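Written below as structure tokens is the structure these notes are about.
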Protein chains: 2
Amino acid sequence: MNPLVSAIERHVELSPKEREAVESLREAPLVRVPARQTTLSEGDNPRVVRLLSQGWAYRFKDLPDGRRQIVGLLLPGDFFDLGVRLVDEMDHSIAALTPIAYHAIPPETIDRLAREYPRIADAFARHEHVSTSIHREWLLNLGRRNAFERLAHLFLEIFMRLRASGSARERECDCPLTQNDLADATGVTSVHLNRTMQELRREGLVELKSKRLFIRDYDRLTQVAMFNPNYLQIGRETRHLAQ
Amino acid sequence: MNPLVSAIERHVELSPKEREAVESLREAPLVRVPARQTTLSEGDNPRVVRLLSQGWAYRFKDLPDGRRQIVGLLLPGDFFDLGVRLVDEMDHSIAALTPIAYHAIPPETIDRLAREYPRIADAFARHEHVSTSIHREWLLNLGRRNAFERLAHLFLEIFMRLRASGSARERECDCPLTQNDLADATGVTSVHLNRTMQELRREGLVELKSKRLFIRDYDRLTQVAMFNPNYLQIGRETRHLAQ
DNA sequence: CGGTTTTTTGATCTCTATCAACTATTGTGG
DNA sequence: CCACAATAGTTGATAGAGATCAAAAAACCG
């Protein structure tokens, strides 16, 4: 199953015709960006809707003095801002984490699809809604969880999102983030992140080696992270697979 | 100028007919909620779109062990989740900060308005988009600013948002949050928040007394907060007033 | 294989949490 | 309008999580 269709079908069931319409988005020009390159900067005026086809990217913001915060991860099948056409200045930046390829879709195509197929419009809206819910969960993460819990939570989110798109195995998945990236996502320094990661490892909860994440104790991990998957709006059947 | 119309008109210019259509939202039944009451809980299935007419509210999430994080403020004129009809489980809760009154609008009314008046649909979308941008700025706030900078930033956001809706004076505005609320919004304890607030006062930046916020040194405040108003998408003319 | 990036370690400092009063302010019923 | 209760703000002492700085070890890459 390809992550693009499933990212939409996770939200609504599609008729064959609708699925075909969604698939047609893949005809939009494909743009490749090397790893670690910023593809969209705060202040830019984005002119197309982007649909991530391959690779991982992240949203980030930075402060004048160089402090940086990753505010979200983009996985294959994710849109970068469906509502972007309405906005004239990006409030944040987006960079490739790995080499990526995205489809550059003219906003009119999105509008047309949404107009012709109300269920697809709903799916787009839900996709945006989930992105926002994720932001809120991250706010809780940064504001009220400690480093250990935060990292546990982040790993679980990655694992759950990948599994929902069919890209994870039973208890492992890709995770191309460096400790530096993880530190920028969890709001700690990389030194402290390193120590926190060792603790997760020592506790037999999670291991990360050669860009691959291994969940060693799923139950205890969800417990220490106080992970409640409802914010991801993953359907019942998918959530069921979690057990 | 009433905050409802201006909240929409901030985003797009309306024709008299469009303005009338927006005004018609105020015919929706008005619901009153006493201060400090939770009006919508995580897990609930919201059936209407709510438009805050009077008073302040906040979004929050909490952890099983009682830690709580405020993830956003709702001011008069704000919608609580236009996209709510698409969702079957709230990912967060909403509570009244002061006594509030909101309009309970059937989702069909929103849909109809959006269908009939594309510019209003755009305004709705922008409103949602700004809410999301605010979440991202808060992520930066919690992840990378220290307590002093965070609080300075929060005060500026409140001031700027109120001023954009015409509810602030030159250098002061309402601010009904207790120190406990401010602590929950900035991710620190109330004791530490108290000390941070004293420092802001001592430095001659901001004062808060009897629920009223006084900006004592706007320039230095924006500087220490590293405040960049672009995320609020406040129009050029409004931003101009900031000086 | 040599150079770069990433991970790891140790020592020390600082910011924020915690706990436990205490004071001031606000609000309410008599 | 006062009295008292409840809420909100303040203080001090101490503990702990996470930051900082500097450098070494390990992994990765062309």
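Lettering follows sequence order; numbering is per chain, from 1. Everything numeric in this text was worked out from a predicted model, so none of it was measured.
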Requested in this report: May I ask you to say what T189(A) touches in the nucleic acid, namely base, sugar-phosphate or nothing, with a heavy-atom cut-off under 4.0 Å?
Outcome: base

Query raised in the report: Given atom CG of N194(A) and atom C1' of dA17(D), what is their separation to the nearest angstrom?
Result: 16 Å

Query raised in the report: Under 4.0 Å between a Lys/Arg side-chain N and an Asp/Glu carboxylate O for D181(B) and R36(B)?
Result: yes

Query raised in the report: Closest to the V191(B) side chain: dA8(D), dC19(C), dT16(C)?
Result: dC19(C)

**Report entry** Nearest-angstrom distance from the residue atom CZ of R36(A) to C1' of dT4(C)
**Finding:** 14 Å

Report summary line: Comparing S210(A) with F148(A), nearest DNA chain D nucleotide closer to 5' gives the residue F148(A)

Query raised in the report: With the threshold set at 4.0 Å, does a side-chain nitrogen-carboxylate oxygen contact exist between R144(A) and D62(B)?
Result: no

Query raised in the report: Whole-Å distance between dG12(D) C1' and R195(B) CZ?
Result: 7 Å

Report task. Whole angstrom is fine here: how far is it from NE2 in H192(B) over to P in dG16(D)? Result -> 18 Å

Report task. For K211(A) and for R150(B), locate the closest nucleotide of DNA chain C by heavy-atom distance; then report the residue assigned to the nucleotide nearer the 5' terminus. Result -> K211(A)

Query raised in the report: For the pair made of CD in Q179(B) and P in dG9(D), what is the distance, rounded to whole Å?
Result: 5 Å

Report task. Can you measure from NE2 (H92(A)) to CG (D81(A)) and round to the nearest 0.5 angstrom? Result -> 5.0 Å

Query raised in the report: Any salt bridge between D78(B) and R59(B), counting N to O under 4.0 Å?
Result: no

Query raised in the report: Nearest-Å distance, CD (E149(B)) to C1' (dA19(D))?
Result: 14 Å

Query raised in the report: How close or far is atom P of dT6(C) from atom CD of Q198(A), stated in whole angstroms?
Result: 18 Å

Query - Nearest-Å distance for atom pair CG/C1', residues N146(B) and dT14(C) - result: 11 Å

Query raised in the report: Hey, is the side chain of R145(A) poking within less than 4.0 Å of OP1 or OP2 on dA17(D), counting only N and O atoms?
Result: no

Requested in this report: Give one of base, sugar-phosphate or nothing for R201(B), where a contact means two heavy atoms less than 4.0 Å apart.
Outcome: sugar-phosphate

Query raised in the report: When you check the gap from the basic side-chain N to the acidic O, do R212(B) and D174(B) get nearer than 4.0 Å?
Result: yes

